[in-house]
Amino acid sequence: MFNKKNTIYIVSSILLCLILLASIQWGAVSITNQQMTDAIQHFFQGKTASSIYEGVFLQIRLPRVLLCLFSGAILSVSGVFMQGLFRNPLVEPGIIGTSAGAAFGASIVFVLATYLPIEWKSLVGPLLVPLFAFVGAILATYLVYAVSKSQQKTNVLSILLVGLAINAMGLSGMGFMTYIARDPQARSINFWNLGTFSGANWQQVFIVSILLIIVIFSIFKFIKPLNALLLGEEEALHLGVNIKQFRRKILLINTIMVAIVTSFVGVIGFVGLIVPHIVRQFVGSDHKKLLPAAMIIGAAVLLLADLFARLLLAPSEIPIGIITSLVGAPIFIFLLKKNLFIKSDA
Amino acid sequence: MLKLQEIQYNISGKQILSNVNIDFAPGQLHMILGPNGSGKTSLMKIASGQIENFQGHVSYDNLSIKEITTATLATYRSYLSQQNNIPFPIKVNELIQMGRYPHYEYQATKKDYEIIHAIIEKLEIKHLQNRDFNTLSGGEQQRVQFARVLAQVWEQTPGKNRYLFLDEPLNNLDIQYQKYLLQTIQQFISDDMVVIMVVHDINWAVAYADKVYLIKEGNLIAQGNPIEIITPSLISEVFNINSQLINVPGENKMVVVY
């Protein structure tokens, strides 16, 4: 039935579908319903696309929209995971070194690309950047984990603090690469750091969709431990959560989630921070409700941001990170103030 | 039966507990007393399985704690910590339901909800159940957390005793609810139930405890029935204050005046 509990899911799902449809149709090139259905029919009949619009739809628009959809869901879930693990509402997905590691890895490729043999150059965008970004993300996060572990007992606060330090190192490494880079390379680094879905292709969609399936299955296992962690680590332990094991699992899957998405689309700020906050306003902090809602709303928010990124200065594009931060920051401040008022009442 | 044998515990060279031996028998209310920093909470954490790097032996029903998984132990042992803030909004009934987490996989059963309902009725917190936990007063929060740990060990487990640890559960409560909580615990104690709590007020121990344990500087100074062992000289030894024991006229009761 249409009760209050389900309203948020129904409304956000409908919104998501509308935004999805708009995202597919609107852009530098508009695509009509007829062209969409034609393209899908031709695809399944094995015929070649009969117009340029069908080609744009199948090879450019659809992979981009799907990649954006899945990335939004993954980044938001990742934000919920990390905020829950660290019991801190200010944590975002890449905070433990992952984003800065990816950014540093990618910046190395952009600078070194000048010295690559000519036959390698075509691989830079589609292959080398994601590869280096991914490796950089994994290495930086592992470094954070290893350093914070070498203290007698790992606690989440030390992971967070070491993460901040490694993040600063990664960013300064990237800053150095930008400094020694030539202008066009520096522009590439800059653009990548603000995120963009313009390079989306079907391989990326395939990988990210598999990742999303794994994430959805892992969510079921994480609901109870994340809820128990709301009470505190000791309380979670007494409720039967093997904290050390759980921490390892969730950090591992989160790192893979953020590393893969970031390596494909660059650093997209604020979505993983804001969406969990927005969703909490509606469904509270029970992760059983929070995680599915964050997934739907995260996907919708990122699709909308990408739509603006494409339309505002069409036919050229604005990096999506500019949109997410520009719109995200005021929302964040608004929610923060609202929360502060609630707290001061109590 | 929860057995602590030759418990020794150091934190970076400093001795917190030395050679503590205690048998916590079922069907009894055990109260631990001692000055601040004497090692009461460490003892609770070792006995409940939270601290692992201690020397000595802890066993539940003759099974070493090292052989019991975190998840299994949680089905028959619960622990109320001292107040802890919760960084996100959470509803009272969601919080109490967490007490049933060790007993179900994904979805709470009808029985779990019945237990939660019974406890909410029993502790008279029905009016709080849809409130945000963070908007409650300190005393209300304490009662809600108590409901959660009670839910965790509400039913008997075949072949196992149940263990309820309460670290200063009377904090933030006014005397009416302090008494109410202690009476509730007393009613709740059955033959398979071990309740271990840290209290500060020695008179609650005299009035309600079956066994008391006095700790000073990591050493167990005395243990036994409070009426038999609590004397002005023991209180002076542990707490460094002068006191008197006074019989309440017309009642079979004693109070400590200090």
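Residue numbering restarts at 1 for every chain, and letters A, B, ... go by the order of the sequence lines. Note that the coordinates shown come from a computational prediction; the quantities given were computed from them, not determined experimentally.
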Between A/I223, A/N242, A/I243, A/L231, which shows the greatest number of heavy-atom pairs under 4.5 Å with chain B?
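Ranked by heavy-atom pairs under 4.5 Å with chain B, first place is A/L231.
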
Interface residue of largest heavy-atom contact number with chain B, from A/L239, A/D286, A/N88, A/N227, under 4.5 Å:
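The answer is A/L239.
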
Using 30° and 60° as the class boundaries, would you call the ring planes of B/W154 and B/F188 parallel, tilted or perpendicular?
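B/W154 vs B/F188 ring planes: parallel.
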
B/D192 and B/N161: side chain donor to acceptor below 3.5 Å
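Per modelled atom types, B/D192 and B/N161 side chains form no pair under 3.5 Å.
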
Engaged part of [X] at the chain A interface, taking heavy atoms whose separation is under 4.5 Å:
X: B/L80; answer: neither
X: B/Q97; answer: neither
X: B/Q50; answer: both
X: B/R100; answer: neither

For chain A, the option from B/K45, B/K91, B/Q145 that forms the most heavy-atom pairs under 4.5 Å:
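Counting heavy-atom pairs under 4.5 Å, the top option is B/K45.
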
According to side-chain hydrogen bond (donor to acceptor under 3.5 Å, both in side chains), who are the partners of B/Y79, at least two apart in sequence or on a separate chain?
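Counting only residues at least two positions away or on another chain, B/Y79 forms no side-chain hydrogen bond (donor to acceptor under 3.5 Å, both in side chains).
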
Kindly give the heavy-atom pair with the smallest separation between A/H238 and B/R77, and that separation in Å.
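Scanning both residues, the minimum pair turns out to be O-NH1, 3.0 Å.
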
Between B/E94 and B/R148 (salt bridge meaning N to carboxylate O under 4.0 Å), is one present in this structure?
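B/R148 and B/E94: not salt-bridged.
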
Answer yes if the ring centres of B/Y163 and B/F24 are under 6.0 angstrom apart, and no otherwise.
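No: the rings miss the under 6.0 Å criterion.
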
